[in-house]
Structures are given as C-alpha cells and as structure tokens.
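What follows is a short report on a single structure.
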Amino acid sequence: MNTKVFKSSFSGVLLDWFKVEKRNLPFRDTKDPYKVWLSEIILQQTQMKTGIEYYKKFIKRFPSISMLAESYQKEIYSLWEGLGYYNRAKNLLKTAKIIAKKHNGVFPKTYDELIKLPGIGKYTASAISSICYNEKRVVVDANVYRVLSRVFGIKTNISKPKAYKSFLTLSNILSKNTNRIGDYNEAIMDFGSVVCSPKKPACWSCVFKTNCIAYKKDIVNALPVKASKKKLINRDFNYYVFENNNRLLIRKRTQNDIWKNLYEFYLEEGKNKERKLQKEFEIQKIKPVITKDKGLLSHQKINIDFNHFQILNGSVFDKIKKELGLIEVKADKINRYGFPKVIANYLNSYC
DNA sequence: CTCCAGTCAT
DNA sequence: ATGACTGGAG
C-alpha cells in the first residue's frame, strides 16, 4: 500500500480498532462538557489509573459545575491532594467561577471560547469542543505525537513548538473524512495508550503493523524524537588555595570535562563537608578563609567554595605541592596561565 | 536514579 | 523559545 492510500485509510482502520478496543472510562458515557472538562484537567500529567479515582471523588462532591463554582480553593486543594501540579486545581475553580458568572453557568461550546478559560489550552479546548460538540478540532497530545511519528516515520523533534503545527496538519489530513472527530480523538489517544505505548508497545497486535514505518525500520523505540533535555546539573567544587610567601599552587584540568586545559586550584568535588584534605596535611589549625562563588554554564551550575590557606611553614607547602602534584606559581606571574572566569575573578580579588 | 505529561509565565 | 510545575512508573 502506498503512503497516499495508507493515509486515506488511516482513520477508518483506527476507528474500527476503537469500536472493539475502546476503553470503558467513567467519563466516556457522557457528552456533558463539565464532566469531559473535569476529566481532561485531572488526566493531564496524570496516569489513567490514578486520575479515575480523583475524577469520581470530584463528581461525587460536585455533580455539576455550579456546585463546583460555589466551593472554595481550600476544599479544591484538599480534594486535589496527591495529584500534583496544583495550578490545575487553582484554575479548575477559577474557570468554574467564570462559567458561573460570565456564561450564566453554561459551558462554552467552541474551541475559541474554551481556550480563553484558565487551565484550558490547545489540547483541552480541542478535546472538549470535538467530543461534546463535534467541532472539527483534532487533539495533538503526547499520544498523537507518538502514534503518528511512529506510523509515518516522522523524525521531527517534538520538543520544538513548531512540531505542533506539523502534527496538527497531518492529523487534520488523516481525519478529514471522519464525521465524528470526537471519536477519532478518543481513538488515537486510546490507541497510543493501549497499543502504541511509550515503552514496550504492542506492535504484534497493531492494526498498522504492515504499514508502520517505524516498525518496518525497527526504530519504534527511537520515536518520537525529543531533543535531549539539557538538564541543569548541580556540582559542588571545593577549591584549596594554598599560599605561602606569595606563591600559589595550581594544576591543569586535563580530564574530558568543563574547563579542559584551563588551570585551577586543587579541587575536591562533591558535597565534601569533611574537608579531608585539611586533616591529611595537619593544617587544620589554620582556619581557612572560605569564599563562595557560583559558576553558571549553559547546563551546569557550579557551587564553589574557595578554602584559602595561608601556609606559614614553607616545608608544609612543599610537601603539599609534591604529594598533590601541583604547580608552584609566583602570584605576580599567575596571569600567564588561563583560568576559568570564576577562578580568574577570585585571583583578582584575593591573591 | 531517569523519563514522562499540558499549561502558563517569562 | 524554554523551563517550572509534581507525582508515578520503571
């Protein structure tokens, strides 16, 4: 089957699968926008299993949006306890009150109106307008990114905002002959959850397996593509500045790490509050001057303690130099060496 | 420990 | 455009 034919058959195959495998969820027996909205808000960033219990709890306490609107933030937070992302709980009440006051208690029906409400973004506005009112709005959530990127072998980085547009366009094309967009949306999300899951997808039972690009190329687990998150790493550097008679001890950074080939003082890395080096050289009697600084790189935050020792005894200084393999430099010649910015700053200020 | 999930603030 | 939010799964 060529791609064009496959694309035109996609929604039909998906909806046939959905007819049989549709998940039986407590908010699936209704088109009540209040219930659909509540379920969508609860299920954001939340596993189905966890979310269902909270959904039932909320519906039991607030059978209608007017009852929710009359509640208080405190109570909402208390019912929300354990779900996380508490802004959702805050916006839940905000939106309920807005609908009660500004919409006479009637839930807005269109995507354009819905998206103005706090806590309702593109995904939720699409879900409510399509499921409850059959507005032609396809959802683009994590399931959609996953299913479509795999089935059609799309390597677009989904972490970039512009990826949203391309998946929206594709999903619009795929669903253009579907008259129940709400079903299409529920179907692709169920499919992404039950079959085309993030981990260990059930490819053997997949209705698209003969056409799925990722399956054929054996790259299912590599899709969707996400930019490697540059997490900010925290590191703790304890520098030992040994000084004697206008001489300083430094060394070169040779490891494959930040500041490679630059110079630094003797370093102990980690949350080493013990300062074992201090004990080792029996210089604990001389209280070091500790200066704190921070080095901020694009992906690392370095918390630096400079432990400055004025060593009075020249032989202790020599011993440290030898045992730690450090380089002795006259203070007035120190600018012949290249240092990381934070260390250069320290040298300018204290040496 | 790492990865995952929509909305909103910046 | 990017990251904080926050708990669950593995």
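To find a chain, count down the sequence lines: A is the first, B the second, and so on, and within it residues start at 1. FYI, side chains are in, hydrogens and waters are out, and symmetry mates aren't considered; it's all heavy atoms of this structure. Note that this is a predicted model, so its numbers are computed, not measured.
The backbone N or O of A:Ala202 sits less than 3.5 Å from a side-chain atom of A:Ser205, completing a donor-acceptor pair. Counting only distance, with no hydrogens or angles, the side chain of A:Lys116 and the backbone of A:Tyr111 share no donor-acceptor pair below 3.5 Å. The backbone N or O of A:Ile327 lies less than 3.5 Å from no partner atom in the side chain of A:Arg251, so there is not a single donor-acceptor pair. Judged by distance alone, with hydrogens and angles left aside, the side-chain atoms of A:Asn104 form no donor-acceptor pair with the main-chain N or O of A:Val106 at under 3.5 Å.
Here the P atom of nucleotide B:dG6 and the CD1 atom of A:Ile158 are 9 Å apart, to the nearest Å. Regarding A:Trp80, its CH2 atom lies at a distance of 12 Å from the P atom of C:dG7, rounded to whole Å. If you measure from atom CG of A:Leu83 to atom C1' of C:dT6, you get 10 Å, rounded to the nearest angstrom. Rounded to whole angstrom, the span from the CG atom of A:Asn91 across to the C1' atom of B:dG6 amounts to 12 Å. In this structure, CG of A:Asn157 is placed 12 Å from C1' of C:dA1, rounded to the nearest angstrom. Following rounding to the nearest Å, A:Tyr145 (OH) and B:dC3 (P) show an atom-to-atom distance of 20 Å. Distance A:Asn87 CG to C:dC5 P: 10 Å, rounded to the nearest Å. Taking atom CG on A:Asp141 and atom P on B:dC4, their separation rounds to 14 Å, with Å as the unit.
Crowding of A:Lys94 atom NZ: a count of heavy atoms from other residues, nucleotides or ligands under 6.0 Å not exceeding 12. No more than 12 heavy atoms of other residues, nucleotides or ligands lie within 6.0 Å of NZ in A:Lys217, so this atom counts as exposed by the packing criterion.
Of the residues in residues 186-198 of chain A, none lies under 4.0 Å from DNA chain C by heavy-atom distance. Contacts between residues 39-62 of chain A and DNA chain B, defined by a heavy-atom separation below 4.0 Å, involve A:Gln44, A:Gln45, listed by number.
Side chains of A:Arg23 and A:Ser193: a donor on one and an acceptor on the other come within 3.5 Å.
In this pair, A:Phe6 and A:Phe10 present their aromatic rings perpendicular. The plane angle is above 60°, beyond the 30 to 60° band.
Nearest nucleotide to the A:Pro161 side chain, out of B:dA5, B:dG6, C:dA1: C:dA1. In this structure, of B:dG6, C:dG7, B:dC4, it is C:dG7 that holds the atom nearest to the side chain of A:Tyr86.
Between A:Lys160 and the phosphate of C:dT2, there is a side-chain N or O to OP1/OP2 separation shorter than 4.0 Å. Look at A:Arg146 and you'll find a side-chain N or O under 4.0 angstrom from OP1 or OP2 of B:dA5. The shortest distance between the side-chain N/O atoms of A:Lys226 and the OP1/OP2 oxygens of B:dC4 is below 4.0 Å.
Comparing A:Tyr85 and A:Lys199, the nucleotide of DNA chain C nearest to each residue sits closer to the 5' end for A:Tyr85. Checking A:Pro118 against A:Ala142, the closest nucleotide of DNA chain B that is more toward the 5' end is the one next to A:Ala142. Between A:Leu117 and A:Asn143, the residue whose closest nucleotide on DNA chain B is further toward the 5' end is A:Asn143.
With a 6.0 Å cutoff to the six-membered ring centre and a 45° limit on the axis angle, A:Lys7 counts as a cation-pi contact of A:Phe152.
Scanning both residues, A:Tyr133 and A:Phe107, for their nearest heavy atoms gives OH-O, 4.0 Å.
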